[in-house]
Amino acid sequence: MTKKPFYITTTLPYVNAEAHVGHALEFVRADVIARYKKLLGYDVFFNTGTDEHGIKIYQKAAQAHLDPQKYVDGISDKFREILPLLGISTDIKFVRTTDPHHVMAAQEFWKLANKNGLIYKKNYSIKYCVGCELEKTESELVDGRCPLHPLQEIEIINEENYFFRFSLYQKPLMDLYERGSSSDTNAESKNSFVIPNTRLNEIRAFVERGIEDFSISRLASKMPWGIPVPDDATQVMYVWFDALVNYVSTIGWPDDMVSFKKWWNETGGVVQYCGKDNLRQQSAMWQSMLMSVGLTPSKVIVINGFVTGEGGVKMSKSLGNTVDPIDVVREYGTDAFRYFVTKELHPFEDSPFTMEKFKETYNAGLANGIGNLTSRIMKMAADNLEKTDMPAPLSYEKLDSKEYFDAIEGFNLQKAMNVVWEKIAVLDQKIQKEKPFSLVKTDKEGGKKLITELVVSLGEVATFLLPLLPETAEKILTYIRENKMPESPLFLRK
RNA sequence: CGCGGGGUAGGGUAAUGGUAACCCACGAGGCUCAUAACCUCGGAUAUGUCGGUUCGACUCCGGCCCCCGCAACCA
């Protein structure tokens, strides 16, 4: 029997800076879904990588007196190294937009869109501030002037760029948002095209208002760090056009169509995680690009909120309220980070991440919650049961909780975590009420039966946690299998 | 009148017309299997504000105040 395929990807982080907690959050959440699908028997393609072209990187490399390729090699490696620290599945695919195969794919994508008449060249007037020596967008200007150099006139520079006929896609995009997900009829695709719904409304309103063609190239003489435009050495691709193509290049498009069809068509499309700042690019621009080369749209776009500092203020180095995910993992462990990201941060909205809050919930949920529960149950088991009495673990798909499965299918990992912690609370109550530790003294058999029930329930909790806190889940299942109490606490109180 | 989201105990959230709930923090008891853990009970001056609809409004409608995004070629 062949397994059903499933394809999920994170957004490729742009490597103009090192990994921050927002990236880590997205890796973890996508990983939970990837593991979940694997546990249900799917054949999973899980993609991430790094987005490495564009002006910002070109400038950053110049500042560091590095060749751009050297510079991106360094940062890309750092992103790759953070993945195991976060407990990300080791079979994840890591694509780089400087990979030769990706470069080729982006160029083929361009050629095809061009052949289909969706690309044209036109004069593009750039607003340029001589003071800053930079292009400015309309929204950056105040009263038509650069706020940093209000005495200088903004210059208008004309430059020939290639444009993509985004404007042709208003109707098709509206249809896509209306009918929800792509053509497949799986139960899971009852989700709307963009999750959560408020983001779907937002993008729908944006497209409905009217959309304009956007430029997809830059003059190579000004900014050479990009993929060359086919048959025009004077231009390189605008970084968005190149980067978005990774979602198809990573699964083999255009040269390995067997692989591509499996992961793109048989799956009903890709599940894409991204931050709310990517809503427009992923749920509108990218979808129109796909249509332009005759490919079916993505399956669903899941939008994360931002991680903020205390009180919802933006994290920034100057405010000193940033959190380095690597530091957190070093101090508290991988699953502690995964716990916080999935259970304490809001699944779709902005959410504050402070170390105070982290420690508080670590102690409450992990040390006092699952950690303590494991110790108390396994102590009773180790003292009163034989290894041969230990119950066999439940298989994941046999777990019984519609609420839990519905929550994960809807990408609401917080809700799924709450279901599990509810079960933990019930077990603590049960121990208190039925006192198996006293019962074994008066009624050995009755006590053993009760303890066995508790072990079964603990095993169930661990199984529920397999996609969410894989390391912890495996540890607990091992203790059960070997009928041992943890030699040291699962989560030490901090 | 640019568009959108939001304002609920100290903090974080839930509740789409019917007793305002949950987690953390806080207080008092209890238990002894467990990591000063766990269980029970409890207290909170909690629905931004003013008005409307309704038997009944966090929920629906309108005004006002405040916060946060977006306003396309920065990713």
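Each chain gets a letter, A, B and so on, in the order the sequences are listed, and its residues count up from 1.
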### Query
From C74(B), A75(B), C73(B), pick the nucleotide closest to the side chain of E212(A)?
C73(B)

#### Entry: Paired stretches of RNA chain B - 3 or more consecutive Watson-Crick or G-U pairs, each distance under 3.5 Å
B:2-7 with B:65-70, B:10-13 with B:21-24, B:26-30 with B:38-42, B:48-52 with B:60-64

### Message
Checking contacts here: which listed nucleotide (A71(B), C73(B), A75(B)) is nearest the side-chain heavy atoms of R280(A)?
### Response
A71(B)

### Message
So, taking the atom named CG in D335(A) and the one named CG in L465(A), what distance separates them when rounded to the nearest 0.5 Å?
### Response
8.5 Å

### Message
Let me spell it out: for each of N363(A) and E349(A), pick the nucleotide of RNA chain B with the closest heavy atom. Which residue's pick is nearer the 5' end?
### Response
E349(A)

### Message
Given I451(A), which partner from the list N384(A), D383(A), L439(A) fulfils the side chain to side chain contact (heavy atoms under 4.5 Å, CB included) test?
### Response
N384(A)

### Query
Got a salt bridge between E26(A) and R29(A), using NZ or NE/NH1/NH2 to carboxylate O under 4.0 Å?
no

### Query
Reckon I211(A) touches a base, only the sugar-phosphate, or nothing at all at heavy-atom distances under 4.0 Å?
base

### Task
Would you classify G447(A) as touching base, sugar-phosphate or nothing, given that sugar-phosphate means primed atoms plus P, OP1 and OP2, and contacts are heavy atoms under 4.0 Å?
nothing

### Task
Between protein and nucleotides 28-37 of chain B, map the contacts as a letter string: B base, S sugar-phosphate only, - none, heavy atoms under 4.0 Å, written 5' to 3'.
--BSSBBB-S

### Task
Identify whether any heavy atom of Q414(A) sits under 4.0 Å from a base atom; if not, whether one sits that close to sugar-phosphate; answer base, sugar-phosphate or nothing.
nothing

### Query
Just checking, is any N or O donor in the side chain of N278(A) or T11(A) under 3.5 Å from an acceptor N or O on the other one?
no

### Task
Assign F214(A) to base, sugar-phosphate, or nothing according to its heavy-atom contacts below 4.0 angstrom with the strands shown.
base

### A205(A) side-chain proximity, nearest of C3(B), A72(B), A75(B)
C3(B)

### Query
For V440(A), which contact category applies under a 4.0 Å heavy-atom criterion: base, sugar-phosphate, or nothing?
nothing

### Query
Between C31(B) and C38(B), how far is it from one C1' atom to the other, in whole Å?
8 Å

### Message
Counting only side-chain heavy atoms from C-beta out, which of C73(B), A72(B), G4(B) sits nearest to F166(A)?
### Response
A72(B)

Atom pairs under 3.5 Å: protein N/O with N/O of nucleotides 21-24 of chain B:
from	atom 1	to	atom 2	distance (Å)
C24(B)	O2'	E360(A)	OE2	2.5

### Message
What's N418(A) touching, base or sugar-phosphate or nothing? Going by heavy atoms closer than 4.0 Å.
### Response
nothing

### Task
Look at H346(A) and A14(B) and indicate whether a side-chain polar atom (N or O) is within less than 4.0 Å of OP1 or OP2.
yes

### Task
On the 0 to 90° scale, with breaks at 30° and 60°, tag the Y404(A)-F464(A) ring pair as parallel, tilted or perpendicular.
perpendicular

### Task
Determine the contact category for W240(A): base if any of its heavy atoms lies under 4.0 Å from a base atom, sugar-phosphate if only primed atoms, P, OP1 or OP2 are that close, otherwise nothing.
base

### Query
Is the gap between the ring centers of W240(A) and F214(A) under 6.0 Å?
no

### Query
Is it the case that D73(A) and Q69(A) place a side-chain donor and acceptor less than 3.5 Å from each other?
yes

### Message
Which label fits Y177(A) and F193(A): parallel for a plane angle under 30°, tilted from 30 to 60°, or perpendicular past 60°?
### Response
tilted

